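Worksheet: one structure, shown below.
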2 protein chains.
Amino acid sequence: MDTLLKPAHTDLPASPSLDQRRDHGPDQRPDPNHADCRGVASVLSRVGDKWSVFVIMMLSDGPKRFNELKRLINGISQRMLTLTLRGLERDGLVTRTIFPTIPPRVDYELTDLGHGLSRPVEALGRWAKDHLDQIEAARTKFDQRNEG
Amino acid sequence: MDTLLKPAHTDLPASPSLDQRRDHGPDQRPDPNHADCRGVASVLSRVGDKWSVFVIMMLSDGPKRFNELKRLINGISQRMLTLTLRGLERDGLVTRTIFPTIPPRVDYELTDLGHGLSRPVEALGRWAKDHLDQIEAARTKFDQRNEG
DNA sequence: CAGCATCCGTGAAGATACTG
DNA sequence: CAGTATCTTCACGGATGCTG
């Protein structure tokens with residue numbers, strides 16, 4: 001009940017790295033006029049987390065069960081899905097509803113907050129989809145210049 | 001010129017994990033009706049990368065120099081900044097302009113593609129900022145329930 | 001079915017010292 | 001100033017096996 005799903009010796013489910021590892025200095029004021037880093041970063045990292053994004057997208061359709069999500073995302077391991085869901089739950093983005101039946105059934109659903117997030121996230125997803133070619137082209141070109 | 005800034009033995013600057021490690025099986029069609037994962041994921045991971053986001057935000061004001069960015073972001077290490085910038089450059093999101101003066105001067109600027117990305121990214125940033133409290137509150141609450 | 005518990009490899013990121 | 005080079009750490013994430 002200690003190591004649980006937590007990889008090795010973390011204390012947070014799915015986005016520990018930022019909050020914990022990032023304060024390497026005593027005072028860390030970047031410049032208030034831009035972005036206040038610390039806090040925003042921890043939210044951004046949730047968004048940047050591949051699995052979180054996919055889960056959010058899948059759930060924007062409506063509530064889903066555990067294995068349903070697993071099938072939809074398909075590349076995700078069960079551990080990562082659990083971890084991701086716990087993280088999203090922790091952040092108040094999804095709710096976890098347990099039906100004490102046999103066999104057990106658990107539904108995951110976006111909260112209002114989660115739905116709010118899903119909008120900019122999907123906007124981003126659309127952008128990504130739209131410009132994928134350009135980016136991949138740029139990557140190829142860059143790689144050729146750099147080692148070809 | 002081989003190990004360079006690349007941490008240990010990667011081949012991509014800042015978002016290699018997804019494309020490479022993700023194909024653990026022969027057939028990996030998730031369900032075309034949702035998101036096509038692989039490609040989008042690699043873009044999302046760039047966006048989700050904390051440092052990339054901050055750099056993009058900083059550069060949306062206009063071109064900046066290396067150390068200027070470093071100061072603005074402040075929590076970033078010099079290595080990570082270089083790595084991030086190379087990644088963004090590789091993806092065709094920023095340009096790198098070298099002035100062969102002494103001392104040397106390098107300007108980084110968003111490309112059109114980069115500016116395009118900066119819009120949804122900033123939307124996300126705003127969202128993150130706006131709902132930071134809610135999320136942190138949720139986190140605290142969740143943590144208390146879970147171990148208090 | 002949903003989920004813990006564990007072991008383990010990989011690689012992302014920090015710190016530091018050196019160069020043009 | 002703007003990088004490079006290198007070492008080290010340790011968190012992410014996969015695979016597997018066990019519970020209620």
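What you are looking at is a predicted structure, and each value in this text was computed from that prediction instead of being measured. Every chain is numbered from 1, with letters handed out A, B, ... down the list of sequences. Just the heavy atoms: all of them, side chains too, but no hydrogens, waters or symmetry mates, feed the values below.
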(request) Verify, without hydrogens or angle tests, whether E89(A) (side chain) and R86(A) (backbone) share a donor-acceptor contact under 3.5 angstrom. (result)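 A pair under 3.5 Å: no.
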
In whole angstrom, what separates [X]'s [atom1] from [N]'s [atom2]?
{"X": "R46(B)", "N": "dA12(C)", "atom1": "CZ", "atom2": "P", "answer": "11 Å"}
{"X": "K50(A)", "N": "dA11(D)", "atom1": "NZ", "atom2": "C1'", "answer": "16 Å"}
{"X": "L81(A)", "N": "dG14(D)", "atom1": "CG", "atom2": "C1'", "answer": "14 Å"}
{"X": "L83(B)", "N": "dG3(D)", "atom1": "CG", "atom2": "P", "answer": "12 Å"}
{"X": "I76(A)", "N": "dG14(D)", "atom1": "CD1", "atom2": "C1'", "answer": "12 Å"}
{"X": "M80(A)", "N": "dT10(C)", "atom1": "CE", "atom2": "P", "answer": "17 Å"}
{"X": "E68(B)", "N": "dG3(D)", "atom1": "CD", "atom2": "P", "answer": "13 Å"}
{"X": "R71(A)", "N": "dC1(C)", "atom1": "CZ", "atom2": "C1'", "answer": "12 Å"}

Under 4.0 Å between a side-chain N or O of [X] and OP1 or OP2 of [N]?
{"X": "R79(B)", "N": "dG3(D)", "answer": "no"}
{"X": "S77(A)", "N": "dG13(D)", "answer": "no"}
{"X": "Y108(A)", "N": "dG3(C)", "answer": "yes"}

(message) Between D107(B) and K64(B) (salt bridge meaning N to carboxylate O under 4.0 Å), is one present in this structure?
(response)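 Looking at D107(B) and K64(B), the cut-off is not met.
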
(request) Cation-pi check, R96(A) to Y108(A): give yes when NZ or CZ is under 6.0 Å from the six-membered ring centre and within 45° of the ring axis, no otherwise. (result)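 The answer is no, since R96(A) fails at least one limit relative to Y108(A).
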
(request) Would you mind telling me which of L59(B), L81(B), T84(B), I73(B) makes a side-chain contact (heavy atoms from CB on, under 4.5 Å) with F54(B)? (result)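 Of the listed options, the one satisfying the test is I73(B).
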
(message) Of the options dG3(D), dA13(C), dC1(D), whose atoms approach the side-chain atoms of T82(B) most closely?
(response)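 Ranking dG3(D), dA13(C), dC1(D) by closest atom to the T82(B) side chain puts dG3(D) first.
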
(message) Can you pull out the residues from residues 95-103 of chain B that lie within a 4.0 Å heavy-atom distance of DNA chain D?
(response)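 Heavy-atom cutoff 4.0 Å gives R96(B), P103(B).
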
(message) Between the base of dC4(C) and the side chain of Q78(A), is one N or O donor paired with an acceptor at under 3.5 angstrom?
(response)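 Per atom types, the contact qualifies.
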
Name the atoms and distances for all side-chain donor-acceptor pairs under 3.5 Å in residues 115-123 of chain A, with sequence neighbours left out.
residue, atom, partner, partner atom, Å
H115(A), ND1, T111(A), O, 3.3
S118(A), OG, H115(A), O, 2.8
E122(A), OE2, S60(A), OG, 3.0

(request) Compute the angle between the rotation axes at the two ends of the helix from dC1(C)-dG20(D) to dG20(C)-dC1(D), each taken over five pairs, rounded to 10 degrees. (result)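 Answer rounded to 10°: the end axes differ by 50°.
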
(request) Might you point out which heavy atoms bring L113(A) and H131(B) nearest each other, and give the distance in Å? (result)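 Smallest interatomic distance, heavy atoms only, reads CD1-ND1, 3.5 Å.
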
(request) Begin with the C-alpha distance, continue with both residues' side-chain angles, and end with the deciding distance and a verdict on side-chain hydrogen bond (donor to acceptor under 3.5 Å, both in side chains) for R105(B) and T97(B). (result) CA-CA 8 Å; R105(B) 173 202 174 119; T97(B) 312; over 6 Å; no

(request) Would you kindly confirm whether V106(B) and I102(B) end up in one hydrophobic cluster when ILVMFWY residues are joined by side chain heavy atoms under 4.5 Å apart? (result)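 No.
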
(message) Counting C-beta onward and ignoring hydrogens, is there a side-chain heavy-atom pair between L88(B) and S52(B) closer than 4.5 Å?
(response)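 With C-beta onward as the side chain, the pair touches.
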
